[in-house]
Every structure is written in structure tokens, then in C-alpha cells.
Amino acid sequence: MGRVQFMHYFRLAVGDSLHRNGVQVYPQLNLVVQHYRDISIAVSCSEPFISRCGSWKAHEESPTKEAMRLGDFGNNLHAIGQVDFAIAFEPITIDRWEITLVLAGDATRESAMSTVKRLTMLSFDDAVKSADERVAEELADAGSCTLPELSDAFDRAVISLHDLYDDSVGTFIAAPEFDPGYKLSGGYGYCWPRDAAVCALVMQKIGRSKMARRFFEWSARTQLPNGHWYQRYWANGSCASSWCFRNDELQLDQTCALIQSAGLFARRLGPSSQTFLDFYRPVVEKAIEAITAHIGEDGLHKPATDLWENSVGTFLYTQAGVIAALREADEVFGINPGKTGPQVRAVMRERLIETFWQPGNKRWLRRISPEGERDKTLDSSAIGIIEPWHILDLTDADDRRLAYDTVDGISRDLRSEVKVGGAILRFEGESYMGGGPGCVNTLLLALCRLRLAETATDSEERWEQQALALADIRIALANTNPTGQLPELIPKLSFDYWAAPHAWACSLLIESVLILRSLNNDSPAEFGVARAQVRRRAPSC
């Protein structure tokens with residue numbers, strides 16, 4: 001092999017910004033650090049390198065790239081503004097050459113530089129071993145999936161959910177950010193408290209109760225004075241760019257989700273729940289006051305933004321969420337039974353069914369518009385009366401029939417073809433990401449099937465619902481990203497997946513596996529070290 005000059009070019013947008021960054025080269029330390037406000041990224045290697053940095057302008061060749069092309073780096077050791085940098089190694093003349101490149105982030109330049117130097121001294125094999133040990137601990141606590149066809153996906157979902165949790169603050173982001181400029185979406189690297197509440201409950205079930213509790217502590221810190229929450233937050237608890245904040249556009253289902261999830265969390269704590277109940281009761285009191293203020297004299301909630309952040313009105317899904325929140329406030333926290341008790345909830349449930357259910361075609365109305373119009377758009381969120389809100393009593397014959405009509409109608413009429421079958425659209429006329437179906441919706445339907453299987457008194461019915469659930473899970477798993485991580489959506493554009501790994505989707509798969517394990521009376525297998533090895537081949541490949 002002849003002489004080869006190996007170089008690496010960096011144009012980082014620290015703090016989601018290409019502007020007002022700073023970068024410094026430290027030749028004596030063999031590292032480069034780029035920073036913006038309270039975010040610093042340091043880069044180093046296991047072998048010596050030379051480096052240069054610079055500022056670039058749009059529509060012009062970067063001076064750094066020109067230096068790479070000429071092979072002359074000069075002595076540019078700092079730059080500000082729109083910055084870039086490159087590193088280069090001595091010409092390589094051996095057949096096999098290997099280095100370890102390390103990037104480390106922290107709040108200050110000094111701490112990022114200290115971390116990157118420490119990690120650079122760690123051998124690659126030791127770094128992989130350390131990662132495997134962390135993953136092994138996560139998977140061991142979660143238990144194994146006893147269905148071989150789902151075991152790999154289950155492990156990946158558990159690992160992904162941990163990776164999306166910010167241990168420094170105690171909450172989850174929806175997905176890794178991949179669209180910071182909002183070119184195709186509103187961005188995903190934020191915490192939606194509603195999504196995070198689902199994640200927290202699943203974490204509790206897989207041996208991470210402390211992580212779940214920390215989320216509720218985070219939610220207590222971020223609750224607004226009016227009792228609600230912003231639509232989404234930065235992980236540190238500051239408000240992120242949101243659009244559901246006016247009184248008639250509140251994300252009301254989100255407030256309901258936090259109260260319901262807090263109640264479920266406390267129920268699962270059992271005798272040790274008192275400390276949590278005392279801590280979280282003021283949060284629930286404030287939220288219930290806000291929720292009940294948003295209920296009209298007709299027993300329906302006032303206009304709010306829907307689950308999909310797509311339209312405004314009075315929604316089946318949100319009405320069910322209100323009932324679920326009142327139930328937990330009453331039965332778990334003992335708050336204001338005059339406004340949350342069984343009689344109040346029974347009236348609201350009756351209004352829900354008589355307003356939204358259409359017995360003639362066995363469909364649910366999507367919403368009542370602010371102008372009072374009946375929106376007949378078929379919406380997959382109708383299954384929310386089963387999961388997550390548990391409004392229907394699946395042991396009651398009439399409620400069970402209603403549940404079957406709901407899941408069968410959505411399964412039949414909201415399919416959109418993707419790999420190996422039809423996934424579920426969010427609603428009729430979906431246009432986001434080319435009108436593709438949702439992995440979340442498909443897994444939510446599977447989870448509802450499993451709820452029906454759990455409560456079936458006939459073995460044939462139980463196995464039928466389990467088989468239908470598995471069929472939908474297989475469709476979701478056939479449409480993951482290349483490393484087998486679950487997305488939010490399966491687009492009909494130039495992408496095969498959208499927003500992966502997605503925390504809500506991961507949580508739904510984990511929950512489904514836990515139910516399947518219970519249905520089949522399977523005990524988690526003893527943890528094997530091989531499960532900690534990350535496999536790159538995905539089920540969709």
C-alpha cells in the first residue's frame with residue numbers, strides 16, 4: 001500500500017446552531033474543542049494528529065477544506081462564528097491502521113476536555129466492554145422476552161428507552177433530534193410530558209422504579225401555575241417551542257396523562273406509596289382544578305388540541321383522558337370526590353358514549369368542532385378508551401362488545417401497506433410525512449388486542465387476539481431503522497422510517513412483551529451475557 005493521508009472534517013452545529021460557535025485547537029493536548037453557550041464538544045484520538053480550524057461562508061469553499069485539499073494545515077488554532085475544523089494523521093504506509101476517535105460533551109470546555117482525554121486513554125475493547133456491562137444491567141433488570149421472534153426487538157427497545165432518558169434531570173426525550181431546523185417537522189429532541197409518562201410507567205415495570213419516580217419529580221417542577229403543562233420542554237425543564245398554549249388549544253390530554261400515570265405509579269408501589277402520595281398530591285390538586293375548569297356544563301370537555309396536535313375541538317380520546325384522570329385523583333389521591341367521584345365519572349362516561357358512538361356504522365366520531373359540527377373522520381385514537389385510559393370494563397359483556405367493534409373497525413379501515421402488511425394510520429386523510437402510517441398506532445392496536453386476550457374467558461378467543469396482536473407487532477418490527485430501532489412513523493416519502501428510536505413506540509413494545517409473557521405463564525429466562533452484545537442487523541433487513 002502506498003502513502004495515504006487520512007483526514008477527518010468536522011462542521012458541528014453545537015447548541016443546534018451553526019452561528020456564534022467558538023473552536024480552539026490544543027496541539028499539546030492532542031484535542032480540539034468547539035463550544036456554544038453551555039455546550040462544549042471535545043474531540044481527541046488515540047494517535048497524534050495535526051489540526052486546523054477556521055470560519056466558513058455560504059457558497060464559498062471553506063478555507064479548512066482548501067487546506068485539506070492542499071495538504072497544508074498552517075497554524076490556525078482558533079476561530080469564531082460559522083466554524084469548522086479538521087484533523088490529519090501522518091501518511092499511512094502500513095496495510096492495517098487503526099485509531100480510536102473520541103467525542104465527549106459537557107457544559108464547559110474544561111470538563112469536556114478532561115472527559116475526552118480520560119476516554120481516549122481507555123482502549124476500544126475496554127470501552128465496548130463498559131458499554132456491554134451497562135446494557136447487561138439494563139436487560140437483566142428487565143427480564144427476558146420468552147418469544148424468540150421478539151427477543152431481539154425487546155432488548156433493543158429496553159436499551160433505547162434507557163438511552164432516551166436524561167439521567168441528569170430525570171426525564172425522557174421523544175426521539176434523538178434529527179430535524180433541528182424544523183424543515184420537515186417540529187423537531188423531536190424534546191420532552192413531551194405525555195409521552196414521558198408512558199415511558200416512566202414502563203420503566204417502573206422493568207425494574208427502574210427510581211427512574212420513574214424522578215420523572216414525576218421532574219413533572220412537579222415543570223407544572224405551570226395554571227395546573228397544566230406546556231406541550232413540550234427541553235429536558236432541563238425550560239419551555240421548548242410550543243403551539244398548544246392558548247386556553248382553547250390546551251394539550252388537555254397531556255395534563256390528564258400525567259395525573260393518570262401518577263395514580264398508576266402509586267398503585268404499583270403498594271404499601272410504600274404514602275411518601276409519593278404526600279409529595280405528588282399538591283400537583284394533582286392543582287391539575288384537577290385545571291381539568292375540571294375545562295369541563296362544560298354538558299359534561300364534555302371544552303375545546304382543546306387533540307392527541308395528534310392536528311386539530312381543535314372536543315375529542316373522544318381527550319374526554320376519556322379526563323375520566324381516567326378523575327378516577328386516579330379520586331381513588332388514589334382522595335381529591336375532591338364531589339368533582340372526581342364515581343357519580344361524576346359515570347355521567348361523563350355516559351356523555352362520551354352518547355356523543356361519540358355511532359351504533360349504525362359501529363364507528364366513533366372523532367370530535368365535535370368548536371362550531372358544534374360532528375367530525376366523522378375515523379381516528380385510531382378511539383382505541384384510547386381501551387389503552388391507555390381503561391374506560392371500558394373488558395369483563396362486562398356490553399363494554400367488551402364495544403371494545404371489539406372499536407378495534408375491529410380501526411384494524412379494517414385504517415390500514416396502509418408497508419413492509420409485510422398494513423400498518424395503522426393515525427386517521428383518515430393523513431398527510432404528515434406523505435400520509436404514512438404510524439408504528440405507534442400499530443403497536444397501540446396490538447396492545448389493545450392483548451388487553452382483550454388478558455380478559456378473555458375462552459382459550460380460543462385468547463389465542464385469536466394474541467395472534468392478531470403478534471401480526472401487528474411483526475409489521476411494526478419489519479419497518480424499523482437499519483439497527484432495529486422502532487420509529488414513530490413509517491413515511492410514504494423518501495424515508496423508510498421517521499423518528500427512531502421513538503420512546504413511546506419502545507414503551508408500547510415492552511408493555512406488549514410483558515403481557516405476552518404473562519399470558520403464556522412464562523418466567524423470564526436467566527440473563528445471558530450474549531444478550532448484552534449489540535447486533536447491527538435489524539429485523540427489517
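Numbers for residues simply follow the sequence, beginning at 1.
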Which atoms form the tightest heavy-atom contact between [X] and [Y], and what is the distance?
| X | Y | answer |
| --- | --- | --- |
| Cys199 | Ala503 | SG-CB, 3.6 Å |
| Leu508 | Val440 | CD1-O, 3.5 Å |
| Met7 | Gly71 | CE-CA, 4.4 Å |
| Thr442 | Ala423 | OG1-CB, 3.4 Å |

Residues that Phe10 engages under ring pair (Phe, Tyr, Trp, His ring centres under 6.0 Å), provided they are two or more places apart |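 So Phe10 forms a ring pair (Phe, Tyr, Trp, His ring centres under 6.0 Å) with His8, Phe85.
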Which residues pass the ring pair (Phe, Tyr, Trp, His ring centres under 6.0 Å) test with Trp234, sequence neighbours left out?
-> Tyr190
Quick one: side-chain contact (heavy atoms from CB on, under 4.5 Å) partners of [X], sequence neighbours excluded?
| X | answer |
| --- | --- |
| Ala287 | Gln223, Trp229, Thr255, Ile259 |
| Ser512 | Leu447, Leu450, Ile473 |
| Val102 | Thr100, Val116, Leu119, Thr120 |
| Ile206 | Ala142, Val158, His162, Met203, Ile510, Leu514 |

More than 12 heavy atoms from other groups under 6.0 Å of [atom1] on [X]:
| X | atom1 | answer |
| --- | --- | --- |
| Ile80 | CD1 | no |
| Arg268 | CZ | yes |
| Phe73 | CZ | yes |
| Arg221 | CZ | yes |
| Tyr9 | OH | yes |

Just by modelled atom types, is the Ser311 backbone N or O under 3.5 Å from a matching donor or acceptor in the Asp306 side chain?
-> yes
Measure from the side-chain N and O atoms of Gln34 to the backbone N and O of Ser40, and report whether any donor-acceptor pair falls under 3.5 Å.
->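 No, the answer is negative, given that no donor and acceptor are paired below the 3.5 Å cut-off.
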So, [X] and [Y], do they make that salt bridge, N to O below 4.0 Å?
| X | Y | result |
| --- | --- | --- |
| Arg134 | Asp163 | yes |
| Asp152 | Arg156 | yes |
| Arg214 | Asp166 | no |

Quick one: salt bridge (Lys or Arg N to Asp or Glu O under 4.0 Å) partners of Arg213, sequence neighbours excluded?
->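 Scan of Arg213 (salt bridge (Lys or Arg N to Asp or Glu O under 4.0 Å), adjacent residues dropped) gives Glu217.
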Mind checking the CZ-CD1 spacing from Phe154 to Ile159? Nearest 0.5 Å is all I need.
-> 10.5 Å
Calculate, to the nearest 0.5 Å, the distance between atoms CD and CD belonging to Glu47 and Glu90 respectively.
->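 Interatomic distance, Glu47 CD to Glu90 CD, rounded to 0.5 Å: 11.0 Å.
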Stepwise salt bridge (charged side-chain N to carboxylate O under 4.0 Å, His left out) test for Asp472 and Arg415 | CA-CA 11 Å; Asp472 279 329; Arg415 295 279 176 186; 2.7 Å; yes
I'd like to check the side-chain hydrogen bond (donor to acceptor under 3.5 Å, both in side chains) partners of [X]; sequence neighbours left out, ordered by chain and number.
| X | value |
| --- | --- |
| Asp379 | Trp308, Arg366, Ser381 |
| Ser219 | Tyr280 |
| Tyr317 | none |
| Tyr26 | none |

Using only heavy-atom distances, determine whether the side chains of Tyr182 and Ser241 contain a donor-acceptor pair under 3.5 Å.
-> yes
Step by step, work out the side-chain contact (heavy atoms from CB on, under 4.5 Å) result for Ile410 and Asn441.
-> CA-CA 10 Å; Ile410 289 170; Asn441 318 67; over 6 Å; no
Mind listing the side-chain donor-acceptor pairs of residues 490-498 below 3.5 Å, one per line with the distance, residues two or more places apart or on another chain?
unit_1	atom_1	unit_2	atom_2	d
Lys492	NZ	Ser416	OG	2.7
Lys492	NZ	Glu417	O	3.4
Trp498	NE1	Tyr188	OH	3.1
Trp498	NE1	Tyr432	OH	3.1

Any side-chain heavy atom of Pro501 within less than 4.5 Å of one from Pro176?
-> yes
